[in-house]
Amino acid sequence: MSLAVEVTGLVKCYGKIRVLDGIDLEIPAGTVMGLLGPNGAGKTTAVRIVTTLLRPSAGTVRVMGVDALKEPARVRTRLGLSGQYAAVDANLSGFENLRMVARLYGMTHKQAATRAGELLGALGLEYAAGRRAGTYSGGMARRLDLAGALVSRPPVVVLDEPTTGLDPRARLDMWRVIGELVDDGTTVLLTTQYLEEADLLADRITVIDRGRVIARGSADELKTSIGGDKLTVSLAAGQDPEPAMKVLAEVGIGEPKYEAGEDQIVVVVGDGTRTMVEALRRLDDASVHVVDAAVHRPSLDDVFLSLTGKSASRKSLPRSTEVQEEVLS
Ligand SMILES: Nc1ncnc2c1ncn2[C@@H]1O[C@H](COP(=O)(O)OP(=O)(O)O)[C@@H](O)[C@H]1O
Ligand SMILES: [Mg+2]
């Protein structure tokens, strides 16, 4: 197995704050790694180090076999980076933006124009090629930024929260584009706050929190590790929960839990939807009056809650007042 990206013992400190505290990552060539974590977990810091924009306090990074600390310029020719905040010139058209990037990569005028046209087509932006990028929607700007990262056909593409802040439609478009990229054999390192996104796009997921790896595995492995789907059954107010508890104990994996205040019972189940249908049939047979039932797939928040005992949406490390940027030369 050849590794496209190999990160060992990555540490980044700002003053006394350890933003990254020993991250290891191995991304086999041609696969997608999802780096999953809440706001402030250290995702952007990690990808900025991998893409040579930031120097780590300790650790090693290799991209396509090249040492990113010793030979950052060589690593940069093997990487495309598309960030959370699109790096697009608002005054240029989509076409001009891409042609400019292609020229920066040393292509001739003609090559640059051809490449810009190809990418606008591939990312579904042909219709807006001549429009000022400043008039693009958030989703379009993000795709244009991604196109910029693909200009030189890098073997490794790094996407920092490619869909955060996008509406559902734009998110679907972005997922399609990333899916096509992956089909072409590109190695992708993708950061996200959404388990469903990692689930859909990533072969392997590394979950980080407060600069540490707290879990690794495929999406299925992560979900299974926290115990499968949750079935919630709401009973008519004031109803004796006992008969329903008995039924749900039979269909569920774990012990059902009765939440008295809500008149509802929650139980962990294997195959959520199928189990719900079975449970409702049996509850009906037992003459239990059910007012609502829902299956809840584990979310990132559930994974976090289970792994850390804390909700993912909480605030993480305090932001240090000291802001430093060390760009490698
Ligand atoms: N230049 C900096 N100086 C001080 N602290 C920083 C700096 N950059 C990031 N941090 C802190 O490092 C932590 C991780 O940030 P970041 O990598 O941006 O997380 P994420 O991308 O997962 O949201 C945060 O607590 C953030 O405030
Ligand atoms: Mg970030």
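Whatever order the structure lists ligands and atoms in, that order sets their numbers, starting from 1.
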**From Gly15, Pro38, Gly42, Cys13 - option closest to atom 19 (O) of ligand 1 by heavy atom** =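 The residue whose heavy atom sits nearest atom 19 (O) of ligand 1 is Gly42.
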**Prompt:** Would one find an N or O of Val19, backbone or side chain, under 3.5 Å from an N or O of ligand 1?
**Reply:**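 Among all N and O atoms of Val19, none is under 3.5 Å from an N or O of ligand 1.
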If the cut-off is 4.0 Å to any non-hydrogen atom of [X], which atoms of ligand 1 fall inside it?
X     : value
Ala41 : 19 (O), 20 (P), 22 (O)
Thr44 : 17 (O), 18 (O), 20 (P), 21 (O)
Thr45 : 15 (O), 16 (P), 17 (O)
Asn39 : 23 (O)

**Which atom of Val63 lies closest to which atom of Val156, heavy atoms considered** = CG1-CG2, 4.2 Å
**Message:** If we ignore hydrogens and angles and just use 3.5 Å, is the side chain of Lys43 paired with the main-chain N or O of Gly37 as donor and acceptor?
**Reply:**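 Present.
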**Asked** Any donor-acceptor pair under 3.5 Å linking the side chain of Thr163 with the backbone of Leu166?
**Response** no
**Message:** Tell me whether the NZ or CZ atom of Arg115 lies within the 45° cone about the ring axis of Tyr105 and under 6.0 Å from its centre.
**Reply:**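 Not flagged: Arg115 not positioned over aromatic ring of Tyr105.
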**Message:** With a cut-off of 2.8 Å, does Thr44 put an N/O/S atom close enough to the Mg ion (ligand 2)?
**Reply:** yes
**Message:** Can you pull out every salt bridge (charged side-chain N to carboxylate O under 4.0 Å, His left out) where at least one residue sits in residues 97-110? Sequence neighbours excluded, please.
**Reply:**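 Qualifying pairs, neighbours excluded: none.
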**Request:** Mind checking side-chain contact (heavy atoms from CB on, under 4.5 Å) for Leu104 and listing every partner two or more places apart, or none if nothing turns up?
**Result:** none
